[in-house]
Amino acid sequence: MSLPTHVRLVEVGPRDGLQNEKQPISVADKVRLVDDLSDAGLSYIEVGSFVSPKWVPQMAGSREVFAGIQQRPGVTYAALTPNMKGFEAALEAGVKEVAVFAAASEAFSQKNINCSIGESLQRFLPLLDAARQQGIRVRGYVSCVLGCPYDGFITPEQVARVARDLFAMGCYEVSLGDTIGTGTAGDTRRLIEVVARDIPRDKLAGHFHDTYGQALANIYASLLEGVGVFDSSVAGLGGCPYAKGATGNVATEDVLYLLNGLGIATDIDLDRLIAAGQRICTVLGKSSGSRVARARLGCA
Ligand SMILES: CC(C)(COP(=O)([O-])OP(=O)([O-])OC[C@H]1O[C@@H](n2cnc3c(N)ncnc32)[C@H](O)[C@@H]1OP(=O)([O-])[O-])[C@@H](O)C(=O)NCCC(=O)NCCSC(=O)C[C@@](C)(O)CC(=O)[O-]
């Protein structure tokens, strides 16, 4: 299979990247991050989540962040919504695209959203119905596709069942999340092969955490399998509050460098992206998780 000529990057830094940060981050800093990312050319930005503030306190200000950002034409600003309550809050905040999130592992589903996989899918049904009526697009996530922090090994067939259900329910795209970053390129190819029996490859996305340093290899493997959408996080920020020890998503800067090297178009400006990452890293008081940013800034 030949490589795609264009790839869409879904920037999850403001959501996945920040949700696990313990220190308070001001709405102004979050707004600045989102605006910096759209300035850099990102066309899809996950801005926040409408989840319980008791579960993920850092996302409590998502409504204010949506109110503060400059919404540029052609850019999708999305939010996670686990249930109808979250969906309604997102609508009130003017959100035009949302994502629901399920897991391939029962234990992770319980820890993350306090219900079984089956119950989570039932919860999403009215949300997807309401979204259809309102003309809101819904993206679907499946977590733990290449391993679970509680259940360990996950088969591609387990993932395929949940992905197929999300797609059949009306999610226009399903993002396959290697939540704990243990997957390898071989695992990734086998996973896509199995999931693609039910879902067209151009409706799949890859979401790779870089815990074991395999994320770029897994993205390359996914490209070879015909997947052309990847989630990434500026400066490699992040981690999941319900997956202890998991590091951030693959850094957007590093993915962009890979894609540029393959001659795959993205319309993203690497220098501006690095600057956006540096600014938020300064706010957080940490160094960038992007190898490319560190090399370019002379601090590799
Ligand atoms: C799903 C629930 C709400 C269930 O949590 P629950 O406790 O079972 O919910 P409940 O319906 O029993 O309600 C309990 C309380 O939460 C409130 N509540 C209920 N829903 C909402 C809402 N939407 N927004 C705000 N508040 C809400 C509700 O009003 C009530 O408030 P109280 O009466 O106690 O004051 C909870 O477990 C939750 O919020 N979980 C979110 C976890 C999360 O955000 N995890 C990180 C995102 S997933 C991820 O990072 C993985 C991903 C996507 O990146 C891919 C990958 O890497 O794998």
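Note that ligands are numbered from 1 as they come in the structure, with each ligand's atoms numbered from 1 the same way.
Arg139 has a carboxylate O that lies under 4.0 Å from a charged side-chain N of Glu173, or vice versa, which qualifies the two as a salt bridge. A salt bridge does not link Arg272 to Asp36: none of the charged side-chain nitrogens sits closer than 4.0 Å to a carboxylate oxygen. Remark: Arg132 engages Asp129 in a salt bridge, criterion side-chain N to carboxylate O under 4.0 Å. Between Arg296 and Asp271 a salt bridge is recorded (basic side-chain N to carboxylate O distance below 4.0 Å). Electrostatic pairing of Arg32 and Asp29 does not count as a salt bridge here, judged by no charged N lying under 4.0 Å from a carboxylate O.
Any N or O atom pair closer than 3.5 Å counts here, and Leu80 shares no such pair with ligand 1. Checking only distances, Arg15 does come within under 3.5 Å of ligand 1, N or O to N or O. Residue Pro53 has no N or O atom closer than 3.5 Å to an N or O atom of ligand 1. Considering backbone and side-chain atoms together, Tyr141 places no N or O closer than 3.5 Å to any N or O of ligand 1. The shortest N/O to N/O separation between Phe101 and ligand 1 does not fall below 3.5 Å.
Contact atoms of ligand 1 toward His209: 57 (O) (distance under 4.0 Å to a heavy atom of the residue). Each of the following atoms of ligand 1 lies closer than 4.0 Å to a heavy atom of Asn83: 3 (C), 19 (C), 20 (N), 21 (C), 22 (C), 23 (N). Residue contact check: Val56 has heavy atoms under 4.0 Å from atoms 42 (C), 43 (C), 44 (O) of ligand 1. Atom numbering of ligand 1 starts at 1 in the shown order; those under 4.0 Å from a heavy atom of Asp16 are 50 (O), 54 (O). Annotation for ligand 1: atoms under 4.0 Å from non-hydrogen atoms of Asn112 are 37 (O), 40 (N), 41 (C), 42 (C), 43 (C), 45 (N), 46 (C), 48 (S). Within the listing of ligand 1, atoms 6 (P), 7 (O), 8 (O) sit less than 4.0 angstrom from a heavy atom of Asn114. Residue Gly86 approaches ligand 1 through these ligand atoms, each under 4.0 Å from one of its heavy atoms: 23 (N).
Within the set Lys111, Lys85, Gln110, the minimum heavy-atom distance to atom 29 (O) of ligand 1 is found for Lys85. Which of Phe108, Phe87, Trp55 comes nearest to atom 37 (O) of ligand 1 through a heavy atom is settled by distance: it is Trp55. Residue Gln19 holds the heavy atom nearest to atom 50 (O) of ligand 1 of all those in Glu46, Gln19, Arg139. Residue nearest to atom 16 (O) of ligand 1, selected from Gly17, Ser109, Ser52: Ser52 (by heavy-atom distance).
The number of heavy-atom neighbours closer than 6.0 Å to OH of Tyr150, taken from other residues, nucleotides and ligands shown, is above 12. Under a cut-off of 6.0 angstrom, the local environment of CZ in Phe167 is crowded, with over 12 non-hydrogen atoms contributed by other residues, nucleotides or ligands. Residue Gln23 qualifies as enclosed at atom CD: its count of foreign heavy atoms under 6.0 Å is above 12.
If you check the side chains of Asp254 and Ser290, you find a donor sitting under 3.5 Å from an acceptor.
Aromatic rings of Phe230 and His207 (six-membered ring for Trp) have centroids beyond the 6.0 Å cut-off, not under it.
Of all non-hydrogen atoms in Ala78 and Phe66, the two that sit nearest each other are O-CZ, 3.5 Å.
Within the structure, the closest approach of Lys54 to ligand 1 falls below 4.0 Å when heavy atoms are considered.
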